[in-house]
Structure formats: C-alpha cells, structure tokens
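What follows is a single structure, written as structure tokens, with notes after it.
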2 protein chains.
Amino acid sequence: METIPLRAASIGAQVHQQLRDAIVRTELKPGTALSEAEIAARYEISRQPVREAFIRLAQEYLVEIRPQRGTFVRRIVVSEVLDARFVREAIEVAVAREAASRADAAGIARLQSAVAAQGLARNNAEFLAADEAMHREIAVIAGREAAWRVVDQVKAQMDRMRYLSYQDVSPTDRLISQHRSIVEAIAAHDAERAEAAVREHMADILQQLPQLAQRYPEMFEGA
Amino acid sequence: METIPLRAASIGAQVHQQLRDAIVRTELKPGTALSEAEIAARYEISRQPVREAFIRLAQEYLVEIRPQRGTFVRRIVVSEVLDARFVREAIEVAVAREAASRADAAGIARLQSAVAAQGLARNNAEFLAADEAMHREIAVIAGREAAWRVVDQVKAQMDRMRYLSYQDVSPTDRLISQHRSIVEAIAAHDAERAEAAVREHMADILQQLPQLAQRYPEMFEGA
DNA sequence: TCTTCTATACTACCATACAAGTACCGATTG
DNA sequence: CAATCGGTACTTGTATGGTAGTATAGAAGA
C-alpha cells in the first residue's frame, strides 16, 4: 500500500482559498482595495500567483478587477443577495425532496447529531459552520453533492451578510428549530413537509438584511 | 452625448471566451490536450494570458489542469451531466413559475416569437442558439437574470453533449412543441402547468445521452 | 525478448521586468 | 481665488526566462 503524496496545491490556489475565506467572513470588508503587490509582499511571493487568485475571485463575484485602477472586494448588493437566496432555495428544495425519499437510518442519525451540534456553538462563526455542515449532509444523503457545490458558490453572497451579524442577536434558536423540522420531515420521508420546511427556513435567513444594510452602509452598494 | 470607449477586454479574457465556445461546441473534443505554449503561438501572444484563460476554464470544470503534465479538455462524465440537469431543472422550474405570475403582454409576445424562430433553424447549432435565447427570455420576464447566469454556467456540460448530435436526428419538433407548452402556460399565468412543462422538457433533453456515450466512447469518462 | 536506465523534450509554475493606463497632489497661470 | 497642467506614485496587463516535475523513446543490459 503506497501513500499517495497528495500534491501540494499551487501557491495561487492557496492564496485564493485564504482570500476567499477572509472575504466571506468579512474580515476583508466589502469595498476594501486589494493590491497584487501588497499581498505578494505579505506572503513573500511574486505578483503572479496573487493575480491568478484575483481572477478566480472575480469569477466568483467576490472581487471586482478594474483594469489599471485596482481590485476591490465587492460591496454587498441587496438584490444579489436576494437572487442568491432564490437560486439556493430552488436547489435546496429539490435536494431536500430527494433526501426525504432516499434517507436511510445512518443518514438520519448523522443529520440529527449535526443539528445537536449546532446548539453547542458558542459564537456566530461556529454556528454558521455547523449550519453549513448540516445542509451539506442533506445533499450527501440525496446523492447530490454536485448540486451542493453550486449552492456553496452561490451562497457566498449570503454568508458575507450573515457574518456581519457577529453579535448573537441572531435568533439561532429559531434557526435550529427550523433545522429540526427539516430533519424530522426527511426522517419521515415526507417530501412535501421537507420542501415547506426548507422554504420557511430560507425566508428567515435574510431576516436581518435590511437592518444590516442600514447599519453598515459603506459595505453595501447603492445610494 | 459621448461614446463610451468600451474598453477592450484583456487578451486573457478573450482567449478564455474563444476557448470556452470551442469546448462547448465540441470543436475542441473532450480529452484533447491543450498547451499554453501552443495556443500562445497560435494567437501570437505570450503564455501568461493563455494560462489565465486555462484557470478560468478549470474553474468552470471545462478543462483539467494537471500540474507539470498538461491541460486537457475534460471528458464528458455522464453522472455530471445528470447532476447538471438536476440543478438546471430546479432553477428553471422556479424561474418559470415566477415568469408565469409576472408575465405581461410584451414579454409573452417576445416568447412567442422566440419559439417561432426555432422552427426556422436549419442546423443543430442554430437551433441550440434559439433554444438558449428563449430560456434566457423566460428568466428576463421573471426578473431573475442572475439565476440565468447560474444556469448558463451549469448547462455547459449538457450543451457539450447536445452539440455532439450534429446530425438532425434530434427530434427538434418535439422540443419545439414542448417549448410551446411552456410559453402557453406562462401566457395563461398557470404556474403549475409551467412547472410540469419545464420538467417534461428537461427529461427529454438528455434523451440521446446513452447512445452518444456509446457512439463516442473516447469523449466520455469511465469504462 | 523483455526489462531497466538515461537522455530529451515536453508540461505547468513562479519570478521578474517592462508597458500602459489611472489617480492625485502641487505648482503654475489666468 | 479658481482652474489647469504636469509630475509622480500607484494600479493591472503582458512578455519572458528559469525551475521542477513528468512522459517517452531509445539504448544498454539481463
């Protein structure tokens, strides 16, 4: 048995990953100017890998490259967040329905423990991680991990908004109880109820959007 | 009134666009080896923009970059085509329902003429272009152009398969009549019927997939 | 004949240098 | 004082050279 060396990812890919995380968690605030040279200096690498990371990020709508001017973390656009929710809801509803019809005992157990883990999260970031893990698990059960990849990309815009509410004002209890409803519906192999539960959940996630847009106007696009 | 200069896209972006088209139309066949140097020479540019185009294509799952080995047009994977269809159906159903509830007279007229145009297509490529135009128009009517961008990216895998059937064996008549059903449902503001029509349509699009996989085994992945 | 080694010709990756465009600050001029 | 011009310090875009890893063909050896 040979251990596959697990090729180290290219520098460009690593930089992309790190910047992406920082942007999604709003450690890099919307509107911030990035610079190939500055980041290259910080990591002690050349500009080229950084540039390639920027290209990847631009394709994900996380930064905007303005030629000869600069590269900027894109501001949050309310309409884009709503569009992301629309797409995510459409996909996740379909995924949840399939999960409801295909879930076995082991999968249901994994879902239940995933929900339980959410109650233990002690801050917003931990909760969001547990949240994401559960949604992904539903996709796995449905045999639609590929669909999750699409959701994962689309929901980045939503996540930026959610990370802004770092105070635990967010009603995590309500979200958890919604998660519980979804899991129960899947466990009962009830596609209709699963769909309804997912839709209700999606409607709630963006509850704070208007307040946040008002509170951090410099991070949002428009007037 | 000043004419905006319309900045020329960077070379890298242009190369990306051209290669993407060629791949989706299967002019560049699945499995083909690409080469930074070779393409750079053909366009008489340097390797760097070509490399950046490769990175963009890799992120769209159209090519696979194998470090120090080469870059290859990804072979068509049947399961990925089916996954693409799943995601596309989920989104387009939601879009069609919204279109049904919001369509006005002008939009309906545009849809009807789009369907009419499909009957005039004289080859597979023309038909597919008209097909795409109509689906996009539905998204416009629904006010969900952003959702269409996601569909557009996901459906590239499906399109490669469809372009393979360049002989007019494909039952375009049937597809057109399905399109007509979708338009009628939207015109009647009947979301339920629109959803059903879209689902039926999506089921039909991949009808030829098994035959194509058997006919062009070198373009498909797996045994 | 079959296997193994070696030279060679690729590949993508990274660093560096240069080019071209933009923003801004300050001096100069009306 | 206001407006304009010009230099400077940025920015991203492109070209090129060098590096390390991979595949392959052919020679040498068993």
Side-chain angles (χ1 to χ4, degrees), chain A residues 2-20 22-23 28-75 218, chain B residues 2-20 22-23 28-75 218:
Chain A
E2 226 176 322
T3 56
I4 296 171
L6 182 61
R7 169 182 314 290
S10 72
I11 295 181
Q14 292 181 50
V15 173
H16 166 250
Q17 188 59 49
Q18 295 213 20
L19 289 178
R20 187 184 197 281
I23 292 174
L28 282 173
K29 296 203 173 68
T32 305
L34 301 180
S35 157
E36 293 181 1
E38 179 207 323
I39 294 179
R42 190 188 324 160
Y43 288 90
E44 294 184 323
I45 56 178
S46 78
R47 273 181 45 213
Q48 208 53 50
V50 178
R51 175 175 170 73
E52 294 171 5
F54 281 8
I55 291 176
R56 289 178 161 96
L57 293 170
Q59 224 173 353
E60 302 176 279
Y61 297 97
L62 290 176
V63 306
E64 180 182 357
I65 301 175
R66 306 209 289 199
Q68 272 68 39
R69 246 173 273 202
T71 298
F72 304 86
V73 179
R74 288 197 62 205
R75 295 181 198 276
E218 76 281 6
Chain B
E2 226 176 323
T3 57
I4 296 171
L6 184 60
R7 171 183 312 289
S10 72
I11 296 181
Q14 293 180 50
V15 173
H16 166 250
Q17 188 58 48
Q18 295 213 22
L19 290 178
R20 187 184 198 281
I23 292 174
L28 282 173
K29 295 202 172 68
T32 304
L34 302 179
S35 156
E36 292 180 1
E38 178 207 323
I39 294 179
R42 189 189 324 158
Y43 287 92
E44 294 183 322
I45 56 179
S46 77
R47 290 177 352 244
Q48 205 53 47
V50 178
R51 173 174 170 71
E52 294 174 2
F54 282 7
I55 290 176
R56 288 179 162 96
L57 292 170
Q59 220 173 355
E60 302 177 280
Y61 298 97
L62 290 177
V63 306
E64 180 182 357
I65 301 175
R66 307 209 293 200
Q68 271 67 34
R69 244 172 277 200
T71 298
F72 304 86
V73 178
R74 287 197 62 204
R75 294 181 199 277
E218 77 281 5

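Below, chain A is the first sequence line, B the second, and so on; all start at residue 1. Because only heavy atoms are used, hydrogens play no part in the values below, and waters and symmetry mates are left out as well, while side chains stay in.
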From [atom1] of [X] over to [atom2] of [N], roughly how many Å is that when rounded to an integer?
{"X": "A:Ile11", "N": "C:dA12", "atom1": "CD1", "atom2": "C1'", "answer": "13 Å"}
{"X": "A:Arg69", "N": "C:dG21", "atom1": "CZ", "atom2": "P", "answer": "13 Å"}
{"X": "B:Gln48", "N": "D:dA15", "atom1": "CD", "atom2": "P", "answer": "9 Å"}
{"X": "B:Ile65", "N": "D:dT22", "atom1": "CD1", "atom2": "P", "answer": "16 Å"}
{"X": "B:Phe72", "N": "D:dT22", "atom1": "CZ", "atom2": "P", "answer": "13 Å"}

When only distance counts, do a donor and an acceptor, one from the side chain of A:Gln68 and one from the base of D:dT11, lie under 3.5 Å apart?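 Check fails, no donor-acceptor contact within cut-off.
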Heavy-atom donor-acceptor pair, A:Arg47 side-chain to D:dG13 base, under 3.5 Å: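 Side chain to base: pair found, below 3.5 Å.
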List the residues meeting side chain to side chain contact (heavy atoms under 4.5 Å, CB included) with [X], not counting sequence neighbours, and say none if there are none.
{"X": "A:Ser10", "result": "A:Ala13"}
{"X": "B:Ala58", "result": "B:Val63, B:Ile65"}
{"X": "B:Gln14", "result": "B:Ala9"}
{"X": "A:Ile11", "result": "A:Val15, A:Ile45, A:Pro49"}

With A:Gln18, which residues qualify under side chain to side chain donor-acceptor pair (under 3.5 Å), at least two apart?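 Scan of A:Gln18 (side chain to side chain donor-acceptor pair (under 3.5 Å), adjacent residues dropped) gives A:Tyr43.
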For B:Arg47, all residues meeting side chain to side chain donor-acceptor pair (under 3.5 Å), sequence neighbours excluded: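 Residues passing side chain to side chain donor-acceptor pair (under 3.5 Å) with B:Arg47: none at all.
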Mind running a 4.0 Å heavy-atom check of residues 49-56 of chain B against DNA chain D and sending the residues that fall below it, in number order?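 Contacting residues: B:Pro49.
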Taking DNA chain D as the partner, which of residues 35-45 of chain A come within under 4.0 angstrom of it by heavy atom?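 Per residue number, the list reads A:Ser35, A:Glu36.
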Taking OH in A:Tyr61 as the centre, count heavy atoms belonging to other residues, nucleotides or ligands within less than 6.0 Å. Is the count above 12?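 Not more than 12 within 6.0 Å, no.
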Check whether any side-chain heavy atom of B:Arg51 lies under 4.5 Å from a side-chain heavy atom of A:Glu52, and answer yes or no.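 Yes, at least one pair of side-chain atoms sits under 4.5 Å.
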Check whether any side-chain nitrogen or oxygen of B:Thr71 sits under 4.0 Å from OP1 or OP2 of C:dA12, and answer yes or no.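 For C:dA12, OP1 or OP2 has a side-chain N or O of B:Thr71 closer than 4.0 Å.
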Does C:dA15 have its OP1 or OP2 closer than 4.0 Å to a side-chain nitrogen or oxygen of A:Ser46?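 Affirmative; the distance criterion is met.
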Output every pair passing salt bridge (charged side-chain N to carboxylate O under 4.0 Å, His left out) with a member in residues 54-66 of chain A, not counting sequence neighbours, ordered by first then second residue.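 Residue pairs with at least one partner in residues 54-66 of chain A: A:Arg20-A:Glu60.
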